[in-house]
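Some notes on the structure that comes next.
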Amino acid sequence: MDKIDFRSDTVTWPTPAMRQAMLTAAVGDDVYGEDPTVNKLEALAAEMVGKEAALFVASGTMGNLAAILTHAGRGDEAILGQDAHIFCWEAGGMAALGGVTPYPLPTDAIGRMDLAQIEAAIRWDDPHCPRSRLILLENSYGAKNGAPVPLDYLAAVSDIARRHGLATHLDGARLFNAAAALGVPARAVVQHVDSVSFCLSKGLCAPVGSLLCGSAAFVRQARRIRKILGGGMRQAGVLAAAGIVSLTEMVDRLSQDHENAALLARGLASISGIQVDVERVRTNIVFFYLSPDVTLSAPQIAAQLRQANIWIGAESERHFRVVTHYWVGPNEIELLLGALEEIMRQGVRQSA
Ligand SMILES: *Cc1c(COP(=O)(O)O)cnc(C)c1O
């Protein structure tokens, strides 16, 4: 039996329609700009987010890094959330490869930096200082329960950036989840930023790939950076074909994942020994915690669930992350809740 995997939406397999599209994809050499399927995917992506152009890249990390190295250079500084994916989970690429230093700021319960703190973080034009060049945003905000970040905040940050001559980039790995939760089209979410990257390989189920979108001039330079990073792929149409299915067939169903996440959160809340803030579950990510009286640790519980072929993420000794996606629906959720309830009953018995 295939495993039931709630660890992330990156674990999604390609759908049967994707496998079929990959099999029959027209291809060419994309470094020469001659892969018709890649070109089609890029045009479709640009159209969907309302930007002039798009670039197919190997991963979300590569998309963000190519964006940063396009907007900024050595000695420049990028302001971002201290729990942003780019700051925490992308191996320090901006500094390691670009000489761009991050300026991390705290974020609130839904991933917003304080506007006054952003403004205060922008440096004087002085030879002592790094040059403030870029503000990095994220939507949905992974570290804050996948919270959708509201449009008025994005508009306010972009206003600050414009007044100070800084660029803005949005890490929209789960852009379409954010748009679905906000009830607006993706183009509305990105209207205020100069560039955006989003993943095909998460909830949209493609096996590989992200898109980086912006003005034609931005994407021309990002294409050069992608080549520097070793991301110039050749007959990438076999991958882009799956991405086209992602954008045409998988976007509109994301709200189902959100409903399933809410269902899961409500179920978790009813299990004794588990604490979860149901109100904070707005997209497809659920964090939950063990109450102090539970003797088992989160890794122990996750290991027991694996024996029932159910995989969840133990994020620390006391908390978990679960993510809903195309391959885990109400049936799988019921299996998880049932198995977890049984484990918790034993955990509580041990502590009694
Ligand atoms: C997954 C993710 C990325 C990176 O995507 P990869 O394809 O795994 O490199 C970037 N930002 C956020 C918010 C993500 O969730």
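We count ligands from 1, going down the list as the structure has it; atoms in each ligand are counted the same way.
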Using a cut-off of under 3.5 Å, which N/O atoms of ligand 1 pair up with protein N/O atoms, and what distance separates each pair?
unit_1, atom_1, unit_2, atom_2, d
ligand 1, 7 (O), G60, N, 2.8
ligand 1, 9 (O), G60, N, 3.4
ligand 1, 9 (O), T61, N, 2.9
ligand 1, 9 (O), T61, OG1, 2.6
ligand 1, 11 (N), H85, ND1, 3.3
ligand 1, 11 (N), D171, OD1, 3.0
ligand 1, 11 (N), D171, OD2, 2.6
ligand 1, 15 (O), R174, NH1, 3.1
ligand 1, 15 (O), K202, NZ, 2.5

From the options D126, D76, D125, select the one residue that forms a salt bridge (Lys or Arg N to Asp or Glu O under 4.0 Å) with R131. D76
Enumerate donor-acceptor pairs with a distance under 3.5 Å from any side-chain N or O in residues 80-98 to protein atoms, sequence neighbours excluded.
unit_1, atom_1, unit_2, atom_2, d
D83, OD1, T107, OG1, 3.0
D83, OD1, Y141, OH, 2.6
D83, OD2, T107, OG1, 3.1
D83, OD2, K144, NZ, 3.1
H85, ND1, E90, OE2, 2.6
E90, OE1, N64, ND2, 3.4
E90, OE2, N64, ND2, 3.1

With no hydrogens and no angle check, is any side-chain donor or acceptor of T37 less than 3.5 Å from a backbone partner on A240? no
K51 side-chain N/O to V196 backbone N/O, donor-acceptor pair under 3.5 Å: no
With sequence neighbours left out, what residues match D194 under salt bridge (charged side-chain N to carboxylate O under 4.0 Å, His left out)? none
Which pairs of donor and acceptor atoms, one on a side chain in residues 217-230, lie under 3.5 Å apart (sequence neighbours left out)?
unit_1, atom_1, unit_2, atom_2, d
R223, NH2, E42, OE1, 3.3
R226, NH1, F56, O, 2.6
R226, NH2, D30, OD2, 3.4

